[in-house]
Amino acid sequence: MDDTQSVETLLDSTTSKIQQLQQAFAELESYRAVTLNLKWKELEEHFHGLERSLKKRFEDLKNQEKEYEDKALEAREILKKREAAVAAKECVLLERLQHKRNAAVSAIGESRKRYKKASGGHVTNIMANGNTEAIVEEKLQVQSPAKVISENLKSIENGGIDVKARPELMELCKEMNAKGLHKFVSDNRKDLASIREEIPVALRSSTDPFRLVLNSMEDFYHPEALTVDGKKDVTLLGLRRTCIMLMESLSALVAETASDVLVISSNVKECAKMMAIEWKLKLDDVEIEAYGGNSLEAHAFLQLLSTFGITSEFDQEEICKLIPSVSRRRQAADLCRSLGLSSKMPGVIEVMVNSGRQIDAVNLVCELGMTEQFTPVTLLKSYLKESRKVSQVKAGSTSPGAQSEMNERELNALKAVIKCIEEHKLEGLYPVDPLQKRVLQLEKAKADKKRAAEAAKPQPKRPRANGIVTYAPRFTNVVPDNKCMYRGPERYQYVYERPMHPFPVETHASPLLGSVSYNFSTSHGGYYGNGYQYQLIHGFRARHETLDAAPPIMDKPRFNDRTVLEPFAEFVPPSSLSIRSLAVSSVSDSQTLIYIGTDEGKLVLASADPSKTSHSDQHVDFVRSVSITGFPVIAIDVLVDVGRVLALSDGSLFLLDPSLLEPVKRLSLLKGITAFAKRLRTDDDTASVNPLDVAPVSRSEASLRSGQRFLQRFGGLGTKANGVRPKDSFPQGQDGCFVAASAEKMLVLIEFTLSDADSSGILVNWGVMQGFDGVRSIAWLDDSIIVGTSDGYLLFSILTGQSVTLFSLPDSSTTPQLKTLYAHKEVLLLVDNVGVIVNAFGQPVGGSLVFRRAPDSIGAMSSYVVVVRDGEMGLYRKRTGACVQSITFAGNGEGPCILPNDEPGSGEVVVVSTPRKVICFRKVSCEEQIKYLLRKKNFKETVCLIQELEDEGELSKEMLSFVHAQLGFLLVFELHFEDAVNHFLQSETMQPSEVFPFIMRDPNRWSYLVPRNRYWGLHSPPVPLEQVVDDGLSAIQRAIFLRKAGVDTAVDEDFLFNPPTRADLLELVIQNMIRYLHLSRDKDLNSSVREGVDTLLMYLYRALNLVDSMEKLASSQNSCVVEELESLLDESGHLRTLAFLYASKGMSSKALAIWRILARNYSTGLWNDHQSAVEPDSQDNSTNFIPGHCAAALEASKLLEESSDEDMVLHHLGWIADIDQELGVRVLTSEKRSNQLSPGKVLAAIDPKKVEVHQRYLQWLIEEQDSDDTRFHTLYALSLARSAIEIVEMEYSNLSMDDKRLVEMDFSVVVNGITYGSHVRERLQSFLQSSDLYDPEDVLDLIEETELWLEKAILYRKLGQETLVLQILALKLEDSEAAKQYCIEIGRRDAYMHVIAVKASQRHQVAATSRRMLYSNPVGL
């Protein structure tokens, strides 16, 4: 401010100083007034001008200063806001980090508590002895796990990876204690991952790391480490692995340390060389090839050479021979690089391929980046082909063993190929779906053969309690921890989540009655009736039943638990009634009726409202209760078709109205009923036909009323059936339902029919037939009734009256249970802890369900099976057998749990009870289930759930597209880019504009097209791909540290064990984004979105430098925005792409300017681009490669051929013709342009040196355009004449002297077999004869002094000079026939004789001249 004020003061004093100066001049005015007055005015004007200029500049500076202060103030405000935002974000992150720390500390604390409880006895003994100091001392030495986590998190926050070695490890290295180092690694092998990272740090503290590591390998071939028979001991293997790890750690230390800091001494190097020589001799005695590419000895030898830098001391060929013996080890590729064998690897791989080890060869090829030399797909296909050849050779043997060996060989080969494809991400080049289908076929065939072999073996006998010897079941191929009979390889779980049944349905025996498959003796224990053994493990079941503290009842889920059911209400029956049975009927979405049967003989009705969400609302209301008998109500079922409730108590059936308002009606059927079941029809429109029936039902019989037909078959309608007559007459034409009941070896079939004739509104018709003894449960599907007894399960046909045994059960089996699965029209049979699902014919359907223990009760909900026991409920997916949720709803020891026998309703409510209370669960919405899994980042389970919901029809098409898009976004941020794009493509509602923010940072031209807040908010807002990759890599690093600290994370295991590089991830994500945008171009998009898709696609092509793709997109029809790509392509040097883009947008002038620059640069060598493949002729399918400058001229000529801009065409014609005159002619003579060019301007613009262009254009005007302008005809004739003269003269100059003399004497002679000048003059002669519009005199003037005699003759003829024409024809050309014909044409025959005489005279003169030349020059003769 002081400087500003001083400047203002000086400016103000300017006027006073000027006045003082004026006074000084006034003193001199008396001397020379005029002159001084004139000079003063000039000086005054000059100073005032300076004053104004200074003041203006000063004002400008003040304005600039003010503007700068405003901007500075604004910047300070922005900085303050940003600092506040950063501080707030730091607080949030710190809180989140603190929360995670607390959770980790809490988890560790719980683990320590459990550890203390587990080791409590030991602590008690110590304290009993009074030695408490040991405990205190031990606690002081243990580092807090929370502190370890905190230190690791601090290192992450500081942006660095600070690995600290353990003190004892550091001490061992400092002391150079090699044996102690070995012992430390062996004792801490469980924590090997962290030790592997700590060893390089610890080696730094050693005085000589090379010496320490070398000393640690002295016992590598120690003889004491072998067992008596010479085989390797486990200790020896651990010792050798430790040696290899130490050498690898030393190599890592050397790679991280400067070469002048860590130097190996010559003494150590010599010792290492001697050790290597000794090891090499031992290797020669070991059959390393027997290890199949996994030899520890060979690996250690190669690592020794690499670590101690002694590779040059050994023959490279010998080293290369060892590579195949370590090809299956993960360090094989790194060893090849460090040993300098990259140039030798093609030969090694050839050897491996020739020896049938294509899989190992592919692993090395992919890791060494040699896929261009060796195509992985070709190697894999050759491996499969060779394995099949071997199998086909062995297939010639008819023995079953040879066939099994053939299948096993093919199966192993397929699995190896699939694993290799998945490990190296080759699915795009070699799809695995056909291979996986073949794997399933082979494994299914293998299982079938194994079961058939097991069935043929005699079973061991065991005595029963009554002394009768029976057959005990065999238990084979059973994996207790699995949920289904069959489980495929682990690597295929994501693709084939559904476990396949171990045998196909079609392998069942013929369904005819006489089939052997249903006639097995019931003494065959745990076998299906068709010869298949069910999976039952007594030891497995008994082991869990004898546990004192029972573990969770349900089997451990294959996937993480997800919430499918949630409790919403509880109900306790009045008067402390003990619950015995349940039934549920869904009236509407807001009302579900619950029927509760009690041990006291009462039936209680309650009403639940699953639609209420408030916890304060009472969701279950007691309605009323009714007393049936004084005995327990064993079973209840709701007969929805007739509006009644059927209850079983005291061996009798009771009929009640749904509201329990009417009196209870007892059905006076047979006494001693033990079970009943309602008939389920799988097809309501056609009559059911059971294959067990040897006489199928005809169409006419099928048209009868179903109930009438059934009762007729076992004696209904007034006839006896097995001595029992129906009670009532059969009603005609009424609707109803059927129930089957079992009582005292009798089977009762009952029909309930709505009728107004009866006071109760229900007519009951029934018939009795011979049944079974000891029936515990029953189910009825179509025309088949399945009953469960203490001996097993049987299937009974009501059409034939005959039964077949499905399963035989041992005495120790649990009570048989049957559950009708209404949703799928199937029945689940419980055999101990195994649930087998069968259809109406008794054939197993799909896979079996294996539960942890035999459940108390079984229920169903849509596509799930529900089991309960000891207060816990498990929800199993029917298709896959996986337990998706386990819920504890009561304490252990409260009594048996009960699930209802429910009618198929909405499938949204599950009711379960203990003896004292009823708990109601409702199904969580599909959206909430998916959200739950996505929040846990369980993407594989999410995909399975989506597929399941889609198959069940529970997910709308719009929601399915929504979920695919949401899943895709989450996978992008989890770095699973290929899967993410796959889900994007499956979404029909997702717009391509939603991925624009990943490619171009906001704000941009298309920001307004991106929909906001469309999803569930589970993923971060889209950010550029570079930031996505950087954030993902940071998350992986954090997860690695947390994993070392014992904290589990949601990061993919593959990323933790094999972290990807930033470059690979960027390339992968760009490739997949290109794939998505490329496929999106085929969608129906609006113009704005299409512009964004094409423009950003060009961005991505440029990022990967995909030049061919860029040029293909730019040259085709596209919607790219030129303004967005112009500077980008120009700066990156992709001028060809920019030229194509200009041309596609009609900006021909800019495109031509670029082609001109490229042609000049190509010609001068300033530009070296790849040669462009062009097709000059569309009819020619072959592709011709031409130089760059010719390609530029060709592309420019294509634009000019269609342009009617005369100035532009003529402007670029010159440089195109300089490169290729043919292209110049095509430009001028193109018929593609709408308006042709002005011939006068074109002729004026053509370079005179471009004779070919000039002539071809004139020819086109005359012949194609039918021009009758004499100027063009004359110009064409003159141009042709000049060309003919030049060529004739050029050819004449190339003749020898003798030939020249002959030509001079007779121009028509033939020299060297070619008539002189004939090929040049043909066009000229043809035109001179055909055209009458040129000026012959002008042409004649041009050729008058030349030897073009025929042309002269033509011109003279045009001028009418007959004599000259005859002279030329007869004398010069000696063409007598032409001369004679010409005389005839002009009518002067005498003229010909005159010419002949003249010709004879000339010949005499020529002969005389020749003789004189000979006489004068006899030497030449």
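Keep in mind that the numbers below use all heavy atoms, side chains included, and drop hydrogens, waters and symmetry copies.
- Here CG of Leu172 is found 12.0 Å from OG of Ser216. Values are rounded to the nearest 0.5 Å.
- More than 12 heavy atoms of other shown residues, nucleotides or ligands fall within 6.0 angstrom of atom NZ in Lys280.
- Partners of Phe301 by ring-ring contact (aromatic ring centres under 6.0 Å, His included), not counting sequence neighbours, listed by chain and number: Phe314.
- For the pair Ile195/Arg166, a side-chain contact is recorded, criterion being any heavy-atom separation below 4.5 Å from C-beta on.
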Residue pair Val326, Leu296: steps toward the side-chain contact (heavy atoms from CB on, under 4.5 Å) verdict: CA-CA 8 Å; Val326 297; Leu296 273 175; over 6 Å; no
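- Taking CE of Met1110 as the reference point, atom OG of Ser1132 lies at 5.5 Å (rounded to 0.5 Å).
- Residue Lys937 holds its NZ atom at 8.5 Å from OG1 of Thr1049, rounded to the nearest 0.5 Å.
- Annotation: side chain of Arg1043 is not in contact with side chain of Val1047 (no heavy-atom distance under 4.5 Å).
- With Phe308 as the aromatic partner, Lys273 does not meet the cation-pi criteria of under 6.0 angstrom to the ring centre and within 45 degrees of the ring axis.
- Residues that satisfy the side-chain hydrogen bond (donor to acceptor under 3.5 Å, both in side chains) test with Asn1105, not counting sequence neighbours, are His1134.
- The only member of His424, Arg328, Arg329 that meets side-chain hydrogen bond (donor to acceptor under 3.5 Å, both in side chains) when paired with Asn363 is His424.
- Applying the ring-ring contact (aromatic ring centres under 6.0 Å, His included) criterion to Phe973, with sequence neighbours excluded, gives Phe998.
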His299 and Leu335: CA distance, side-chain angles, deciding distance, side-chain contact (heavy atoms from CB on, under 4.5 Å) verdict: CA-CA 9 Å; His299 183 188; Leu335 276 175; 3.4 Å; yes
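- Using a 4.5 Å heavy-atom threshold, the side chains of Met345 and Val348 count as touching.
- For the pair Val1069 and Val1028, the minimum side-chain heavy-atom distance is 4.5 Å or more.
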side-chain contact (heavy atoms from CB on, under 4.5 Å) evaluation trace for Met170 with Glu175: CA-CA 9 Å; Met170 296 285 289; Glu175 296 174 357; over 6 Å; no
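- Applying the ring-ring contact (aromatic ring centres under 6.0 Å, His included) criterion to His976, with sequence neighbours excluded, gives Phe1055.
- Proximity of a side-chain donor or acceptor of Asn412 to a complementary backbone N or O of Glu408 within less than 3.5 Å is detected.
- To the nearest 0.5 Å, the span separating OH on Tyr1101 from CG on Leu1106 amounts to 7.5 Å.
- Not a single side-chain hydrogen bond (donor to acceptor under 3.5 Å, both in side chains) links Glu278 to another residue, sequence neighbours left out.
- Salt bridge Arg438/Glu410: present, at least one basic N to carboxylate O contact under 4.0 Å.
- Residues Val254 and Phe210 meet the side-chain proximity criterion, which asks for heavy atoms closer than 4.5 Å.
- Listed by chain and residue number, Arg1075 satisfy the side-chain hydrogen bond (donor to acceptor under 3.5 Å, both in side chains) test with Asn982 (two or more places apart in sequence, or in another chain).
- In terms of modelled atom types and a separation under 3.5 Å, the side chain of Ser205 and the main chain of Ala202 share a donor-acceptor contact.
- When all heavy atoms of Leu304 and Ala272 are compared, the pair lying nearest together is CD2-O, 4.0 Å.
- Going from atom OG of Ser194 over to atom CD of Glu198 covers 5.0 Å, rounded to the nearest 0.5 Å.
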Residue pair Gln331, Gln303: steps toward the side chain to side chain donor-acceptor pair (under 3.5 Å) verdict: CA-CA 9 Å; Gln331 305 93 335; Gln303 189 65 55; over 6 Å; no
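- Closest heavy-atom contact between Ser265 and Asp208: OG-OD2, 4.5 Å.
- Applying the side chain to side chain donor-acceptor pair (under 3.5 Å) rule to pairs touching residues 333-352 yields Ser306-Ser338, Glu317-Lys344, Asp334-Arg337, sequence neighbours excluded.
- Shown here for Ala298 and Leu283, the closest heavy-atom pair between the two residues is N-CD2, 3.8 Å.
- By the salt bridge (charged side-chain N to carboxylate O under 4.0 Å, His left out) test, Glu171 pairs with no residue at all, sequence neighbours left out.
- Considering all non-hydrogen atoms of both residues, Leu364 and Ala332 come closest at CD2-CB, 4.0 Å.
- At a threshold of 4.5 Å between non-hydrogen side-chain atoms, the residues Leu302 and Ile323 count as touching.
- Figure legend: cation-pi geometry between Arg240 and Tyr221, with NZ or CZ positioned under 6.0 Å from the six-membered ring centre and within 45° of its axis.
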Derivation of the side-chain contact (heavy atoms from CB on, under 4.5 Å) call for Glu974 and Asp1052: CA-CA 8 Å; Glu974 294 298 321; Asp1052 195 333; over 6 Å; no
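- Counting only heavy atoms from C-beta outward, the side chains of Leu435 and Tyr430 approach each other to under 4.5 Å.
- Considering only residues two or more places apart in sequence or on other chains, Lys179 meets the salt bridge (charged side-chain N to carboxylate O under 4.0 Å, His left out) condition with Asp219.
- Listed by chain and residue number, nothing satisfies the side-chain hydrogen bond (donor to acceptor under 3.5 Å, both in side chains) test with Glu318 (two or more places apart in sequence, or in another chain).
- A side-chain donor-acceptor contact under 3.5 Å links Asp1064 and Thr1061.
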Please output the side-chain donor-acceptor pairs of residues 365-380 that fall under 3.5 Å, not counting sequence neighbours, one pair per line with the distance.
none

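- Once rounded to the nearest 0.5 Å, the distance linking CG of Leu214 with CE of Met275 reads 4.5 Å.
- A pairwise comparison of heavy atoms in Ala361 and Met352 identifies N-CE, 3.6 Å as the closest pair.
- Between Leu181 and Leu169, the closest heavy-atom pair is CD1-CD1, 3.4 Å.
- Residue pairs satisfying the salt bridge (charged side-chain N to carboxylate O under 4.0 Å, His left out) criterion with at least one member in residues 244-254, sequence neighbours excluded, are listed as follows: Arg196-Glu248.
- Between Arg1062 and Glu1026 there is a side-chain heavy-atom pair separated by less than 4.5 Å.
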Step-by-step salt bridge (charged side-chain N to carboxylate O under 4.0 Å, His left out) determination, Arg204 to Glu256: CA-CA 11 Å; Arg204 293 179 185 273; Glu256 296 174 358; 3.4 Å; yes
